[in-house]
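Note: hydrogens, waters and symmetry copies are ignored here, and every other heavy atom, side chains too, is used.
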Amino acid sequence: MRVRKMTIKDHSQVLSLWRNSEGIGTGDGDSKKDINSYLKRNPGLSFVAVADKKIIGAVLCGHDGRRGYLHHLAVAPAHRGMHLGTSLVKACLSGLQALGIPKCNIFVYKTNTNGLEFWKKAGWNTRIDLLVMQKKPGS
Ligand SMILES: CC(C)(COP(=O)(O)OP(=O)(O)OC[C@H]1O[C@@H](n2cnc3c(N)ncnc32)[C@H](O)[C@@H]1OP(=O)(O)O)[C@@H](O)C(=O)NCCC(=O)NCCS
């Protein structure tokens, strides 16, 4: 089992893992084209965990020059509880730290109680003063 940088060749296995992971919402932003663009814009910051040539964990990580963002952390159910999720997150945070990005944000569905427990245990703080808002440019 090893953690390595994600490449666009991983897309179909990674998308399948995300689609089969409770607590992860996938959409048009997860197309091969968009993930390719994301990986190019944020080189070397997203990771996969691999066992027997199969992808069993994945996470997207990027930054906007001042804050980092993690998305879609998932570990296949049979491989949970072995600190793979922790290793994937650590790899991302090390990458952000090396680039001088001082803080990282995540988006978690309110209903994802298991995911929230994982993040809380890892020391992530909830920003109860903030809500996420969204708009389509041009609308
Ligand atoms: C969340 C997830 C990535 C965790 O992956 P994992 O590899 O099982 O996590 P780890 O083994 O690294 O867990 C690290 C620690 O958190 C604890 N932990 C993990 N999930 C937990 C939970 N639901 N409740 C309480 N503790 C939990 C582990 O017991 C471990 O504790 P330890 O250090 O004392 O041994 C995995 O459960 C998953 O893919 N869930 C579905 C997708 C999801 O919700 N992702 C988050 C989206 S925001």
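- Shown here is R41, whose CZ atom has no more than 12 heavy atoms of other residues, nucleotides or ligands within 6.0 Å.
- With hydrogens and angles disregarded, a donor-acceptor distance shorter than 3.5 Å links the side chain of H11 to the backbone of D30.
- Hydrophobic clustering (side-chain heavy atoms under 4.5 Å, transitive across Ile, Leu, Val, Met, Phe, Trp, Tyr) keeps Y109 apart from I106.
- When all heavy atoms are compared, the tightest approach of L96 to G62 is CD2-O, 4.0 Å.
- Side-chain atoms of S16 never come within 3.5 Å of backbone atoms of S12 as a donor-acceptor pair (strictly under, hydrogens ignored).
- The aromatic rings of Y69 and F107 lie parallel to each other, with less than 30° between the two planes, well short of the 60° mark.
- Separating the CG atom in N42 from the CG atom in D64 is a distance of 9.5 Å, to the nearest 0.5 Å.
- Under the 4.5 Å side-chain criterion, counting only non-hydrogen atoms from C-beta, L39 is not in contact with T7.
- Remark: the backbone N or O of T26 is not paired with any side-chain donor or acceptor of W18 at under 3.5 angstrom.
- S139 approaches K135 most closely through the heavy-atom pair O-NZ, 2.6 Å.
- Taking both residues in full, the closest heavy atoms of S21 and L17 are given as OG-O, 2.7 Å, listed atom of the first, atom of the second, then distance.
- Linking Ile, Leu, Val, Met, Phe, Trp and Tyr residues whenever their side-chain heavy atoms come within less than 4.5 Å leaves I56 and V14 in two separate clusters.
- Looking at P102 and Q97, their side chains never come closer than 4.5 Å, going by heavy atoms from C-beta outward.
- Minimum interatomic distance between G68 and H63 (heavy atoms only, all atoms of both residues): CA-CB, 3.9 Å.
- In this structure, L60 and I35 have side chains that are in contact, with non-hydrogen atoms separated by less than 4.5 Å.
- Contact of the N114 side chain with the R80 side chain is not registered, since no non-hydrogen atoms from C-beta on lie closer than 4.5 Å.
- Contact of the F118 side chain with the L73 side chain is registered, since non-hydrogen atoms from C-beta on lie closer than 4.5 Å.
- Considering only heavy atoms from C-beta on, K5 comes within 4.5 Å of F47 through its side chain.
- Looking at N112, its side chain never comes within 3.5 Å of a backbone N or O of I24 through a donor-acceptor pair.
- The distance from the SG atom of C61 to the CD1 atom of I101 is 9.0 Å, given to the nearest 0.5 Å.
- A 6.0 Å sphere centred on CG of D129 holds more than 12 heavy atoms belonging to other residues, nucleotides or ligands.
- To the nearest 0.5 Å, the span separating NZ on K120 from OG1 on T113 amounts to 9.0 Å.
- Heavy atoms only, all atoms of each residue included: R67 and N105 are closest at CB-ND2, 4.1 Å.
- Here the CD1-NE2 distance, from I55 to H79, works out to 12.0 Å after rounding to the nearest 0.5 Å.
- Hydrophobic cluster membership differs between L84 and M6, with clusters built from Ile, Leu, Val, Met, Phe, Trp and Tyr side chains linked at under 4.5 angstrom.
- Considering OG of S87 and CZ of R2, their distance stands at 13.5 Å, rounded to 0.5 Å.
- Across D34 and G29, no two heavy atoms sit closer than the pair CB-O, 3.3 Å.
- Of the inter-residue distances, the one linking S46 atom OG with L88 atom CG reads 10.5 Å to the nearest 0.5 angstrom.
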